[in-house]
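I have placed the structure first, in the form of structure tokens, so that the comments after it can refer back to it.
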There are 2 protein chains.
Amino acid sequence: MKRTSFEQAECPIARSLDSIGDWWSLLIIRDAFLGRRRFGEFQKSLGLAKNILTVRLRALVDDGILKNAPASDGSAYQEYVLTPKGRGIFPILVALRQWSEEFSPEPCFATLLVDREQGRPVRKLELRAEDGRLLDGIDTMLQPNPPAKRRRRA
Amino acid sequence: MKRTSFEQAECPIARSLDSIGDWWSLLIIRDAFLGRRRFGEFQKSLGLAKNILTVRLRALVDDGILKNAPASDGSAYQEYVLTPKGRGIFPILVALRQWSEEFSPEPCFATLLVDREQGRPVRKLELRAEDGRLLDGIDTMLQPNPPAKRRRRA
DNA sequence: GGACGCGGTTTCATAATGCAACTACACAAC
DNA sequence: GTTGTGTAGTTGCATTATGAAACCGCGTCC
């Protein structure tokens, strides 16, 4: 079967999906943002099989998204915490959340993403041009970036 | 095996993943944003097996992300085009792209997302508070939204 | 009307998933 | 020190999804 890998793909989206594009990885990361750190916490919260969790955690560590921290509370067990690369996934989670809230047939508002300072819901993610104009999907395009330019960064 | 479904999940992120959380769906949607509409176009571009593409396209149509358009050029074949819900996925794609560009070990800049008017690269996605302050992951928190409040929207 | 391209469906081998049972270790109680 | 409990996995097996290739009906082209 040989599940196709996008590790070498040219498209950055495909590359992202190679790291976090399977069923559980993003949910593990979401839980990590919620403060979960221990194997058992993930397992109980997500309800996935332990062998799968083992494989996923190892893959996320290998990808530099999580790292093993030696301890934290007294006990000599280890924990999984987000690296900077892992914390960089936050906008992706927000985008997924907002899409679901906007378009799901029966949206669920069990939780709300609020800003910590004021406790009010955040705005929608904004895509802006270099000069600050607010952009929509149709206002953008993909420009091929020729290899020459890429290397010499001219 | 019975692949677990998140259709009924409370978490909006899990719900999103239920629709677009598998290997190919997001890439199909990406291609749709690039203007591809025909079965054969997707198949050639993605290089996935035709049976898988059939299943994925049907699922995306069932989810209201794509819809079958009767024609477009002369020929009596049908096409797959993005619905409004499908176009709403754009920020997710941008987030994935930017994450890869920022954190990939050897980022690939084969293509650049530019704004159509000026041809310059877009900014990073911005998350803002209600009052316009720029927010980071740590500036936010998930607030449980009690069902009572949910219904009366008080 | 015959060849070809399009849009699939069918078939089959194989890899990923899910479940449950099992192991190894740390820590605590007795 | 040994029994017990919880954590963090590993192993084995049944089930499902995936991928490759062959096949097929239909519309087009010439």
Side-chain angles (χ1 to χ4, degrees), chain A residues 1-9 14 17-29 31-32 35-63 66-81, chain B residues 1-9 14 17-29 31-32 35-63 66-81:
Chain A
M1 180 190 173
K2 211 189 302 175
R3 177 98 108 200
T4 38
S5 155
F6 305 118
E7 208 176 347
Q8 297 304 326
L17 291 178
D18 197 58
S19 304
I20 55 177
D22 75 289
W23 287 84
W24 293 112
S25 299
L26 265 177
L27 291 176
I28 294 172
I29 294 164
D31 271 19
R36 296 188 230 280
R37 340 174 115 235
R38 300 277 287 265
F39 186 94
E41 288 183 297
F42 291 117
Q43 208 253 317
K44 224 175 305 172
S45 151
L46 297 173
L48 86 172
K50 299 202 281 182
N51 51 354
I52 309 283
L53 180 55
T54 302
V55 173
R56 289 293 171 274
L57 285 174
R58 225 193 301 280
L60 289 171
V61 169
D62 288 350
D63 262 334
L66 295 177
K67 67 164 178 258
N68 292 102
S72 133
D73 63 342
S75 60
Y77 296 109
Q78 61 167 3
E79 308 186 329
Y80 298 90
V81 297
Chain B
M1 181 187 172
K2 212 189 298 174
R3 178 96 110 199
T4 38
S5 156
F6 305 117
E7 208 176 347
Q8 296 305 325
L17 292 178
D18 197 58
S19 304
I20 55 176
D22 75 291
W23 286 85
W24 293 111
S25 299
L26 265 177
L27 291 176
I28 294 172
I29 295 164
D31 271 18
R36 295 190 230 281
R37 341 175 114 234
R38 299 278 287 261
F39 186 95
E41 288 182 298
F42 292 117
Q43 209 255 316
K44 223 176 304 171
S45 151
L46 297 173
L48 86 172
K50 298 202 284 181
N51 49 355
I52 309 283
L53 180 57
T54 301
V55 173
R56 289 290 172 277
L57 284 174
R58 226 194 301 278
L60 289 171
V61 170
D62 287 350
D63 262 333
L66 295 177
K67 67 166 178 256
N68 292 102
S72 131
D73 63 342
S75 60
Y77 295 111
Q78 61 168 3
E79 308 187 329
Y80 298 89
V81 297

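The sequence lines fix the lettering, A, B, ..., with proteins before strands; numbering per chain opens at 1.
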Taking only side-chain N and O atoms of B:Trp24, does any of them lie within less than 4.0 angstrom of OP1 or OP2 on D:dG19?
yes
Minimum heavy-atom distance between B:Ser25 and B:Arg56, given as atom pair plus value
OG-CD, 3.5 Å
What distance do B:Leu46 atom CG and B:Asp31 atom CG have between them, rounded to the nearest 0.5 Å?
4.5 Å
Quick check: closest heavy atoms across A:Arg36 and A:Phe42, and the distance to 0.1 Å?
O-CZ, 3.4 Å
Establish, with yes or no, whether the OP1 or OP2 oxygen of C:dG7 is under 4.0 angstrom from a side-chain nitrogen or oxygen of B:Arg37.
no
Touch check for B:Phe42, heavy atoms < 4.0 angstrom, all strands: base, sugar-phosphate only, or nothing?
nothing
Separation of atom CZ in A:Phe39 from atom C1' in C:dA26, rounded to whole Å
16 Å
Within less than 4.0 Å of OP1 or OP2 of D:dA8, is there a side-chain N or O belonging to A:Tyr80?
no
Assuming nearest nucleotide by heavy-atom distance, tell me which of A:Asn51 and B:Gly40 is located more 5' along DNA chain C.
B:Gly40
In whole angstrom, give the distance that lies between atom CG of B:Leu57 and atom P of C:dC6.
16 Å
Among C:dT17, D:dG9, D:dT10, find the nucleotide with the atom closest to the side chain of A:Lys50.
D:dG9
Distance, rounded to the nearest Å, where A:Leu48 contributes CG and D:dT10 contributes P
14 Å
Base D:dG6 to side chain A:Tyr77, donor-acceptor N/O within 3.5 Å cut-off
yes
Calculate the interatomic distance between B:Leu53 atom CG and C:dT9 atom P; express it in whole Å.
11 Å
Quick one: is A:Arg38 getting a side-chain N or O under 4.0 Å of the D:dT7 phosphate, OP1 or OP2?
no
Closest to the A:Arg56 side chain, choosing from C:dA16, C:dA21, D:dT7:
C:dA16
The side-chain contact (heavy atoms from CB on, under 4.5 Å) partner of A:Leu57 among A:Asn68, A:Asp62, A:Leu66 is A:Leu66
